[in-house]
Amino acid sequence: MDRLDTIEIKAFVPARDYALSRRFYADVGFEEKSEGDGVAYFAAGDCSFLLQDFHHPDLAGNFVMHLLVADVDAWHRYLCERGIAERYGIRLDAPADRPWRMRDFCLTDPSGVLWRIAQNIGGRPLADG
């Protein structure tokens, strides 16, 4: 029987302004590992994605990435200290505890892609509100 082991999965993230998006992701803390033919490979630790020089407003407006981190508050502080929201004119929400037992915040990229950066907080589901 064939083995169906998997190695990796990466999303192709759309970019309206490819050069601007490359700078944005580098400033956010991702390392650009390679780039060519309109595709840039970005990674942070064991997490990675492919930024593509392609944009369709409906796709970008409905595209969501989820990044699970060890310390969501440290990530938020880092982004605030670097002035990411002001520099790129994007949305950066405050971290909040969610009923699904995660603490997270939302960040949009310059193309409108939504990122939810989250940390597991475990325990019982939180009360509504």
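Numbering starts at 1 and runs along the sequence shown. Quantities reported herein were computed from a predicted structural model and do not represent experimental measurements. These values consider heavy atoms only, across backbone and side chains, with no hydrogens, waters or symmetry-generated copies.
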Can Phe63 be reached from Val39 by stepping across I, L, V, M, F, W or Y side chains whose heavy atoms are under 4.5 Å apart? no

Give a yes or no on whether the backbone of Arg16 and the side-chain of Ser111 come within a donor-acceptor separation of less than 3.5 Å. yes

Can you confirm whether Pro110 sits close enough to Asp17 that some side-chain heavy atom of one is under 4.5 Å from a side-chain heavy atom of the other? no

Please lay out, stage by stage, how Tyr88 and Thr108 fare under the test side-chain contact (heavy atoms from CB on, under 4.5 Å). CA-CA 10 Å; Tyr88 290 95; Thr108 56; over 6 Å; no

For Glu32, the side chain to side chain contact (heavy atoms under 4.5 Å, CB included) test, sequence neighbours excluded, returns Arg22, Glu35, Ala40, Phe42

Rounded distance [0.5 Å steps], CZ in Arg87 versus CZ in Phe24: 10.0 Å

Out of curiosity, does Leu68 fall in the hydrophobic cluster containing Trp100 (side-chain heavy atoms, cut-off under 4.5 Å, transitive links)? yes

Less than 4.5 Å apart, any side-chain heavy atom of His66 and any of Asp104? no

Nearest-0.5 Å distance that lies between atom CG in Asp71 and atom NE2 in His76: 12.5 Å

Can you list everything that forms a salt bridge (Lys or Arg N to Asp or Glu O under 4.0 Å) with Asp93? Sequence neighbours excluded, please. Arg91

Residue list, salt bridge (Lys or Arg N to Asp or Glu O under 4.0 Å) with Asp5, at least two apart or on another chain: Arg3

Has Asn120 got a side-chain atom pairing as donor or acceptor with Gly122's backbone, closer than 3.5 angstrom? no

Would you say Leu20 ends up clustered with Ile90 if hydrophobic residues are merged whenever their side chains have heavy atoms under 4.5 Å apart, either directly or through other cluster members? yes

Results of salt bridge (Lys or Arg N to Asp or Glu O under 4.0 Å) for Glu8 - residues two or more places apart only: Lys10

With a 4.5 Å cut-off on side-chain heavy atoms, are Val28 and Trp75 touching? yes

The side chain to side chain contact (heavy atoms under 4.5 Å, CB included) partners of Tyr78 (sequence neighbours excluded) come to Arg82

Go through Val72 and Met102 one step at a time and tell me if the side-chain contact (heavy atoms from CB on, under 4.5 Å) criterion holds. CA-CA 10 Å; Val72 74; Met102 293 190 130; over 6 Å; no

Are Phe49 and Tyr41 connected in a single hydrophobic cluster, I mean Ile/Leu/Val/Met/Phe/Trp/Tyr linked by side-chain heavy atoms less than 4.5 Å apart? no

Which residues share a side chain to side chain donor-acceptor pair (under 3.5 Å) with Asp109, sequence neighbours left out: Tyr25

Going only through I, L, V, M, F, W and Y residues with side-chain contacts under 4.5 Å, is there a path from Leu114 to Val69? no

Atom CG of Leu79 and atom CG of Leu92: how far apart are they, to the nearest 0.5 Å? 6.0 Å

Do Arg116 and Arg98 touch side chain to side chain, with heavy atoms closer than 4.5 Å? yes

Taking the ring centre of each residue, are Trp115 and Phe30 less than 6.0 Å apart? yes

